[in-house]
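Reading through the structure tokens given below for one structure.
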Amino acid sequence: MLDFVFHNKTEIYFGRNADERIGSLSQRLGKKVLLHYGGGSIKKTGFFHIIKEKLREAGVEFVELGGVKPNPRVSLVREGIELCRRENIEGILAVGGGSVIDSAKGISAGRFYEGDVWDLYEGKAQVGDLMPVGVILTIPAAGSESSLGSVLTNEDGWLKRDIGHPRIRPLFAIMNPERTFTLPPYQTACGATDIMAHVMERYFTKTRHVELTDRMSEGIMKTIIHNAPKALKNPYDYDIRAEIMWASTLAHNDLIGTGREQDWATHNIEHEISGIYDIAHGAGLSIVFPAWMKYVMEEDVARMAQFANRVFDIEINPYDFKETALEGITALEKFYQKIGMPIRLSDADIDDTRIEEMAKKATNDDSRTLGNFKELTSQDVAAIMRLAL
Ligand code: NZQ
Ligand code: ZN
């Protein structure tokens, strides 16, 4: 196990009564907040009205900024920064999923930065002062409610890039599983896929003696495999939704990543796909992960066989770990298909025409490699994408 420091400042308020805290917690963001949200699902469900009432009762003044798209755009973040400056807004209340939260984090980071906020996402400047961000989560998926990251898309070049800094983590997250009852099946499945992926990016490591975090990771993955199909059949079942919602946070709040080297190549490859083709992040992951596993398997075939055995209950063939590992990948693909996710680029109507371009973008023209389990060059990235065709 590697040395580590673990600190996650996000306070979680979880459960049926969590909404009762909206007013009092929002007071901690400041006297005037930006109420940031997406394309309108919270209006359709009537939740928006409830939130506004609670803010008024608590005496928190607010300015609205909706319209965050999945794969959130930097253009709206720039608009939000201007609005916060003009209106002397002190904090941001993000209501939604990863896209709204990441957009809020972008506004928070750009508010006090004198240059263009995209500089931060290109690594040209460091994260400085931040506005406080609070979250009301409506979709369990990205884990952004307590993560240190924010991912934005720049329409100029369709680049999807991220920043990461511990101070970016939201102050609080209000998580009521009942709010996820209205999720369309596809979004439920995309969320489950992303949660699995956040665990797998940490699980496939070369660090030895990480049994505790291995076992915790396997528990989260088994919980998702067990509950995601059930949520699709019973969308209004509180307990099933609650299991998935808590899993989303635990998969990405860095607890299971402690003491081990992490990978993240699959996420970086996926960001190029959703950056260009604007598909759901979860859909890109269910396409890339099996291909990545096949490509890097030889790096540590015993770990791949362990995954097959402990996560999908496949018996280990002691004479042929590779056979077990491949059975594990097939089981993962079958799980994705069972919940309605694509497992090949062709399933998402993507062909091979832009593979080389995406591979170059992902590696910044081969000025960096991706991942740690195996360090990938642009040639490797292109080969993985071809395996996923
Ligand atoms: O926009 P509205 O109308 O609200 O609809 C949303 C959106 O269309 C809908 N939705 C959300 N809650 C709902 C609902 N519909 C009905 N009922 C509800 N309760 O779901 C759709 C998807 O929302 P989105 O926020 O895009 O989903 P998700 O949470 O999966 O976020 C994806 C984004 O997060 C990034 C991804 O790259 C992607 O841009 N990620 C952020 C990470 C982080 N900051 O730590 C890590 C992740 O790996 C990921 O990269
Ligand atoms: Zn993800």
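Any value given below was found using the heavy atoms of this structure, including those in side chains, with hydrogens, waters and symmetry copies removed. Note that the numbering runs from 1 along the sequence shown for the chain. Atoms within a ligand are numbered from 1 in the order they appear, just like the ligands themselves.
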Considering only protein heavy atoms, which is closest to [atom], and at what distance to one decimal place?
{"atom": "atom 49 (C) of ligand 1", "value": "H281 NE2, 3.3 Å"}
{"atom": "atom 44 (N) of ligand 1", "value": "D102 OD1, 2.8 Å"}
{"atom": "atom 37 (O) of ligand 1", "value": "K160 NZ, 2.9 Å"}
{"atom": "atom 32 (C) of ligand 1", "value": "S99 OG, 3.8 Å"}
{"atom": "atom 21 (C) of ligand 1", "value": "Q187 CD, 3.5 Å"}
{"atom": "atom 3 (O) of ligand 1", "value": "S41 N, 2.9 Å"}
{"atom": "atom 27 (O) of ligand 1", "value": "I139 CD1, 4.0 Å"}
{"atom": "atom 13 (C) of ligand 1", "value": "L183 CD2, 3.4 Å"}

Pull out every atom of ligand 1 sitting under 4.0 Å from any heavy atom of [X], numbered as shown with elements.
{"X": "G38", "answer": "1 (O)"}
{"X": "P184", "answer": "15 (N), 16 (C)"}
{"X": "N71", "answer": "38 (C), 39 (O)"}
{"X": "V151", "answer": "40 (N), 41 (C), 50 (O)"}
{"X": "T182", "answer": "16 (C), 17 (N), 18 (C), 19 (N)"}
{"X": "R179", "answer": "19 (N)"}
{"X": "S147", "answer": "43 (C), 44 (N), 45 (O)"}
{"X": "H267", "answer": "48 (O)"}

With [X] as the cation and [Y] as the aromatic partner, state whether NZ or CZ is under 6.0 Å from the six-membered ring centre and within 45° of the axis.
{"X": "R16", "Y": "Y238", "result": "yes"}
{"X": "R260", "Y": "F4", "result": "no"}
{"X": "R303", "Y": "F204", "result": "no"}

In this structure, which one of D263, T258, D254, T207 forms a side-chain hydrogen bond (donor to acceptor under 3.5 Å, both in side chains) with R202?
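Of all the options given, the one that passes is D254.
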With a 4.0 Å cut-off, strictly under, does atom 6 (C) of ligand 1 pick up any protein heavy atom?
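It does not; no protein heavy atom is within 4.0 Å.
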Below 4.0 angstrom, counting only protein heavy atoms, does anything approach atom 9 (C) of ligand 1?
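There is no protein heavy atom less than 4.0 Å from atom 9 (C) of ligand 1.
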Note, H281 side chain near L285 side chain (heavy atom, < 4.5 Å)
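The answer is yes, as the side chains (C-beta and beyond) meet within the 4.5 Å cut-off.
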Should R241 and T188 count as side-chain neighbours, where that means a heavy-atom distance under 4.5 Å?
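Counting from C-beta outward, R241 and T188 do come under 4.5 Å.
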Excluding waters, how many protein N/O/S atoms sit closer than 2.8 Å to the Zn ion (ligand 2)?
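Under the 2.8 Å cut-off, the count stands at 4.
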Before signing off on this row, confirm whether [X] and ligand 1 have an N or O atom pair separated by under 3.5 Å.
{"X": "G39", "answer": "yes"}
{"X": "A141", "answer": "no"}
{"X": "P72", "answer": "no"}
{"X": "H198", "answer": "yes"}
{"X": "H271", "answer": "yes"}
{"X": "G98", "answer": "yes"}

Under the rule for ring pair (Phe, Tyr, Trp, His ring centres under 6.0 Å), what residues qualify as partners of Y186, not counting sequence neighbours?
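Ring pair (Phe, Tyr, Trp, His ring centres under 6.0 Å) check on Y186 returns nothing, list empty.
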Can you list everything that forms a ring pair (Phe, Tyr, Trp, His ring centres under 6.0 Å) with H36? Sequence neighbours excluded, please.
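H36 satisfies ring pair (Phe, Tyr, Trp, His ring centres under 6.0 Å) with no residue once adjacent residues are dropped.
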Relative to each other, are the rings of H198 and W264 parallel, tilted or perpendicular (30° and 60° limits)?
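Geometry flag for W264 against H198: tilted rings.
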Aromatic ring pairing W118/Y121, orientation class (parallel under 30°, perpendicular over 60°, tilted between):
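The rings of W118 and Y121 lie parallel, inter-plane angle below 30°.
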Looking only at heavy atoms of G143, does any of them come nearer than 4.0 Å to an atom of ligand 1?
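Outside the 4.0 Å threshold, so no.
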Just to check, does S274 reach to within less than 4.0 Å of ligand 1 when the distance is taken from its heavy atoms?
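No, S274 has no heavy atoms under 4.0 Å from ligand 1.
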Using 4.0 Å as the upper bound for N to carboxylate O, is an ion pair formed by R56 and E61?
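No, this pair does not count.
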Could K32 and E87 be called an ion pair, given the rule that one side-chain N must be under 4.0 Å from one carboxylate O?
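Judged by the 4.0 Å cut-off on N to carboxylate O distance, K32 and E87 do form a salt bridge.
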Gap separating the [atom1] atom of [X] from the [atom2] atom of [Y], nearest 0.5 angstrom:
{"X": "L35", "Y": "I51", "atom1": "CG", "atom2": "CD1", "result": "6.5 Å"}
{"X": "D380", "Y": "L370", "atom1": "CG", "atom2": "CG", "result": "9.0 Å"}
{"X": "M304", "Y": "N309", "atom1": "CE", "atom2": "CG", "result": "14.5 Å"}
{"X": "F14", "Y": "W246", "atom1": "CZ", "atom2": "CH2", "result": "7.5 Å"}
{"X": "I136", "Y": "M175", "atom1": "CD1", "atom2": "CE", "result": "12.5 Å"}

Can I get a per-line list of side-chain donor-acceptor pairs under 3.5 Å for residues 221-230, giving both atom names and the distance, sequence neighbours left out?
| unit_1 | atom_1 | unit_2 | atom_2 | d |
| --- | --- | --- | --- | --- |
| K222 | NZ | R310 | O | 3.2 |
| K222 | NZ | V311 | O | 3.4 |
| K222 | NZ | D313 | OD1 | 3.0 |
| K222 | NZ | D313 | OD2 | 3.3 |
| T223 | OG1 | G219 | O | 2.6 |
| H226 | NE2 | K230 | NZ | 3.4 |
| N227 | ND2 | T223 | O | 2.9 |

Check the pair W292, F373 against ring pair (Phe, Tyr, Trp, His ring centres under 6.0 Å), reporting the backbone distance first and the verdict last.
CA-CA 10 Å; W292 176 85; F373 195 68; 5.7 Å; yes
Could you tell me whether A280 approaches ligand 1 through its side chain, its backbone, both or neither, with non-hydrogen atoms closer than 4.0 Å?
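The answer is neither.
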